[in-house]
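Okay, so here's the structure we're looking at.
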There are 2 protein chains.
Amino acid sequence: MVLVVAEDLFKALADPTRRRILDELVERDGQTLFEICARLANKHGLGLSRQAISQHLAVLESAGLVVSRRQGRYKFHDLNTEPLELIVTRWLRPDTPESTS
Amino acid sequence: MVLVVAEDLFKALADPTRRRILDELVERDGQTLFEICARLANKHGLGLSRQAISQHLAVLESAGLVVSRRQGRYKFHDLNTEPLELIVTRWLRPDTPESTS
DNA sequence: TTGATAGGCAAGTAGCCACTTGCCTATGGT
DNA sequence: ACCATAGGCAAGTGGCTACTTGCCTATCAA
């Protein structure tokens, strides 16, 4: 658990490219930056620069939706769906438990 | 069910003021524009113009998170948490069911 | 050591979005 | 009829952000 701020979480989810990245990580966990670039380009026709994807990953990571592990010159990215629970518990429940942002 | 587009849904949730509005509607359903304005100002110190809140409500409504009913010169706003299910089912499930945006 | 691969840092730009302001419409009370 | 209340429309503005570009660091293989 990494102390997820609601603001970061929702802003991270606001971008369609970042949601695509999460889709990719659901399908296969532990991908590198270059792998994600390639798959977004091939499967979705997104011709984004490597740097763009890298920045997206940083946003997702600071939102707690992605965790990364370095291994040699590779950096693997894993999905973490835990923060998503916040969304559910915030409005689906009839008793409001004090808002966070 | 109103055909919710993922893009609209996530963009609607991206703004902190809109999330506050949802919080207010959880607490009390069927508020008017002016009521929401007053409560945001009093409880959260948000000094936003009526028009700002009106635009936020429009965004929430086009995202399917709020439904409104006209009654005389009043327009009441109700919360609809149904679209939130989309968020849960998209990434919490290990089997990807074809993405939507 | 050299070169290739994987990734990071920083500045610049263009488009979007939240918010304001001014004016207009509609309903209800007196 | 009048006025106040509840809300809508449209244009303008400032700030944020997604993306690019150029250059730099680090790891591994030959």
Side-chain angles (χ1 to χ4, degrees), chain A residues 5-25 28-41 44-63 65-78 101, chain B residues 5-25 28-41 44-63 65-78 101:
Chain A
V5 183
E7 180 69 18
D8 295 340
L9 174 61
F10 287 105
K11 279 202 176 157
L13 292 172
D15 187 84
T17 303
R18 285 196 285 268
R19 295 197 296 273
R20 291 275 189 213
I21 293 178
L22 294 182
D23 291 338
E24 285 304 316
L25 290 180
R28 173 137 69 95
D29 229 12
Q31 296 190 57
T32 70
L33 172 58
F34 276 47
E35 282 179 293
I36 296 172
C37 282
R39 297 189 75 167
L40 287 181
H44 303 288
L46 288 183
L48 292 180
S49 72
R50 172 185 56 87
Q51 196 56 23
I53 309 294
S54 176
Q55 287 166 2
H56 281 310
L57 283 172
V59 172
L60 288 170
E61 197 161 357
S62 74
L65 288 165
V66 162
V67 281
S68 62
R69 45 193 162 95
R70 266 249 169 212
Q71 200 166 349
R73 58 175 160 174
Y74 299 102
K75 190 181 181 188
F76 301 106
H77 301 272
D78 298 298
S101 121
Chain B
V5 184
E7 180 69 17
D8 296 339
L9 173 61
F10 288 105
K11 278 200 177 159
L13 292 173
D15 187 85
T17 303
R18 284 196 287 268
R19 294 196 297 272
R20 291 274 190 216
I21 293 177
L22 294 183
D23 290 339
E24 287 305 315
L25 291 179
R28 174 136 68 95
D29 229 11
Q31 296 190 58
T32 71
L33 173 57
F34 275 48
E35 283 179 293
I36 296 172
C37 282
R39 299 189 75 170
L40 287 182
H44 303 288
L46 288 184
L48 292 180
S49 72
R50 173 185 56 87
Q51 196 56 23
I53 310 293
S54 175
Q55 287 166 3
H56 281 309
L57 283 171
V59 173
L60 288 170
E61 197 162 358
S62 75
L65 288 167
V66 163
V67 282
S68 62
R69 45 193 163 94
R70 266 252 170 209
Q71 199 165 350
R73 58 174 161 174
Y74 299 103
K75 191 181 180 188
F76 301 106
H77 301 271
D78 298 298
S101 120

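In the text below, chain A, chain B and the rest are named by the order of the sequence lines, each starting its count at 1.
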Give each protein N/O atom lying under 3.5 Å from an N/O atom of nucleotides 22-30 of chain C, with the pair distance.
residue	atom	partner	partner atom	Å
C:dG28	O4'	B:Arg73	NE	3.4

Contacts of type side chain to side chain contact (heavy atoms under 4.5 Å, CB included), residue A:Ser62, not counting sequence neighbours:
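A:Ser62: no side chain to side chain contact (heavy atoms under 4.5 Å, CB included) contacts found.
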Residues two or more places apart in sequence or in another chain: which of them pass side chain to side chain contact (heavy atoms under 4.5 Å, CB included) with B:Ala14?
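With sequence neighbours excluded, B:Ala14 shows a side chain to side chain contact (heavy atoms under 4.5 Å, CB included) to A:Ala14, given in chain and number order.
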Collect all protein-nucleotide pairs involving nucleotides 15-17 of chain C in which both atoms are nitrogen or oxygen and the distance is under 3.5 Å.
residue	atom	partner	partner atom	Å
C:dC17	OP1	B:Lys11	NZ	2.8

For A:Arg19 and A:Leu13, indicate whether the former's side chain and the latter's backbone hold a donor-acceptor pair under 3.5 Å.
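Pair found, side chain donor or acceptor close to backbone of A:Leu13.
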Look only at the side chain of A:Gln31 and the backbone of A:Glu24, and say whether a donor-acceptor pair between them is shorter than 3.5 Å.
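Judged by distance alone, yes, a pair lies under 3.5 Å.
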Nearest to the A:Phe34 side chain among C:dG8, D:dG7, C:dA6, which nucleotide is it?
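Output: C:dA6.
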Whether B:Glu7 and B:Lys11 form a salt bridge (side-chain N of Lys/Arg under 4.0 Å from carboxylate O of Asp/Glu) is what I want to check.
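A salt bridge links B:Lys11 with B:Glu7.
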Which residue, B:His77 or A:Ser49, contacts DNA chain D at a nucleotide closer to its 5' end, judged by nearest heavy atom?
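Between the two, 5'-proximity favours B:His77.
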Just to verify, what does B:Asp29 make a salt bridge (Lys or Arg N to Asp or Glu O under 4.0 Å) with, not counting sequence neighbours?
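Partners of B:Asp29 by the salt bridge (Lys or Arg N to Asp or Glu O under 4.0 Å) criterion come out as none, since no residue qualifies.
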Could you list by number each residue of residues 52-59 of chain B showing a heavy-atom separation from DNA chain C of less than 4.0 Å, or answer none if no residue does?
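Within this stretch, B:Ala52, B:Gln55, B:His56 sit under 4.0 Å of the strand.
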Please state how far atom CG in B:Leu40 lies from atom C1' in C:dC19, giving the value in whole angstrom units.
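About 14 Å, once rounded to whole Å.
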